[in-house]
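Just the heavy atoms: all of them, side chains too, but no hydrogens, waters or symmetry mates, feed the values below. Remember, it's 1-based here, ligands and their atoms both numbered in the order they're listed.
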Amino acid sequence: MYGIIGNPLEHSWSPSYFSEKFEAMGIMEIYARFELKKIEDFPRLIQQFPSIKGLNVTIPYKSSIIPYLDVLSPEAKKVAAVNCIQFANGKMIGHNTDIIGFEKSLQRFLPSHFSSQALILGTGGAAKAVAYVLNKKNIPYRFVSRSKNIKILSYQDLNDEIIKESHLIINTTPLGMYPDIAFAPQITYEQLSNQHYLFDLIYNPEETQFLKLGKQQGSFIKNGLEMLVEQAEASWEIWQDF
Ligand code: NAP
């Protein structure tokens, strides 16, 4: 048995993805939705379902799950967020496959000669996974947040120059996600050009307002679907490796 913990889970994409995958593979596994009202209910869940071999973790428990785990992978430790739990040799090991998913998807999106700087819109869990990958790829970046901080840019700080010079802009905020599809991060879209690469972690809708506005300026665009599939496949690989 496999599954996902989070709250709410009614719109979660993972159960149908894994159920279809298991059916296509002809294996009799189950991928269940475990909607936890609070993270304190996690130990009881594990006791109740001793046959669980792997779990995904989603909002709002990617950080609060950590104290319940025995070991963390180096990546999960660095970003202090877990979206995949491996049950191996009586231990619960926390991994972060959002990092793998984003890295693979970015690799296919950016040209090999890319040599500009990046802006990461938002400072939550996904933003930290994105920053981890940019560090690894030696792409300089700055975070953009609604709150002011010495190290972080605010949306008001984003002048035309910064937008013009930052050829990779990654939206890690929920702005524009279904059903609030009219919203988009507040940047000066007129400064975007065909030198810009806009990556939105959102996958529903397929083309967010952020991506639409970038496309109108001739920018390259990419949504979060491939990242989502890659993080799920990376979880599956981890669960098979015990
Ligand atoms: P999170 O921890 O809640 O962080 C989101 C960040 O966005 C916040 O820290 C906040 O940063 C900013 N934000 C929130 N509401 C905002 C608003 N109304 N206006 C402007 N900024 C706002 O969430 P997360 O786990 O990082 O996930 C973020 C998004 O990525 C979600 O849409 C999620 O579905 C998506 N995601 C996709 C994948 C994938 O595989 N494609 C994987 C993980 C996450 P500030 O407070 O600093 O402004």
Can a donor-acceptor pair be found between the side chains of Gln107 and Lys137 at a distance below 3.5 Å?
yes
Ligand-residue contact atoms, ligand 1 with Gly125, heavy atoms, under 4.0 Å
2 (O), 26 (O)
Side chains of Glu75 and Asn96: any donor to acceptor distance under 3.5 Å?
no
Purely on distance, is any nitrogen or oxygen of Gly124 under 3.5 Å from one on ligand 1?
yes
Rounded at 0.5 Å granularity, tell me how far CG in Leu228 sits from OG in Ser14.
6.0 Å
Looking at atom 7 (O) of ligand 1, what's its closest protein heavy atom, distance included?
Thr173 CA, 3.4 Å
Which ligand 1 atoms does Lys62 reach within 4.0 Å, using its non-hydrogen atoms?
43 (C)
Please state which protein non-hydrogen atom is closest to atom 46 (O) of ligand 1 and give its distance, to 0.1 Å?
Arg146 NH2, 2.9 Å
Test your reading of the structure: does Ile59 have an N or O sitting under 3.5 Å from an N or O of ligand 1?
no
Output the list of atoms in ligand 1 that are nearer than 4.0 Å to some heavy atom of Ser145, sorted by atom number.
45 (P), 47 (O), 48 (O)
Protein contact to atom 44 (C) of ligand 1 [nearest heavy atom, distance to 0.1 Å]
Ala126 CB, 3.8 Å
Evaluate the side-chain proximity of Phe220 to Pro111: yes if any heavy-atom separation is below 4.5 Å, no if none is.
no
Residues Tyr2 and Asn56: side-chain donor-acceptor under 3.5 angstrom:
no
Select one of side chain, backbone, both or neither to describe which atoms of Thr172 lie under 4.0 Å from any atom of ligand 1, heavy atoms only.
backbone
So, do Phe22 and Glu29 sit near enough that their side-chain heavy atoms are less than 4.5 Å apart?
yes
Region of Leu175 that comes within reach of ligand 1 [heavy atoms, distance under 4.0 Å]
side chain
Please determine if Ile202 has a nitrogen or oxygen closer than 3.5 Å to a nitrogen or oxygen of ligand 1.
no
Strictly less than 4.0 Å: does any protein heavy-atom distance to atom 40 (O) of ligand 1 fall in that range?
yes
Does Glu233 come within less than 4.0 Å of Lys104, counting only side-chain N to carboxylate O?
no
Heavy-atom side-chain contact between Val82 and Tyr68 under 4.5 Å:
no
Is it true that atom CZ of Arg44 has more than 12 heavy atoms of other residues, nucleotides or ligands lying nearer than 6.0 Å?
no
Per atom 35 (C) of ligand 1, closest listed option by heavy atom (Asn171, Asp200, Thr123, Leu201)
Leu201
Is any heavy atom of the protein nearer than 4.0 Å to atom 33 (C) of ligand 1?
no
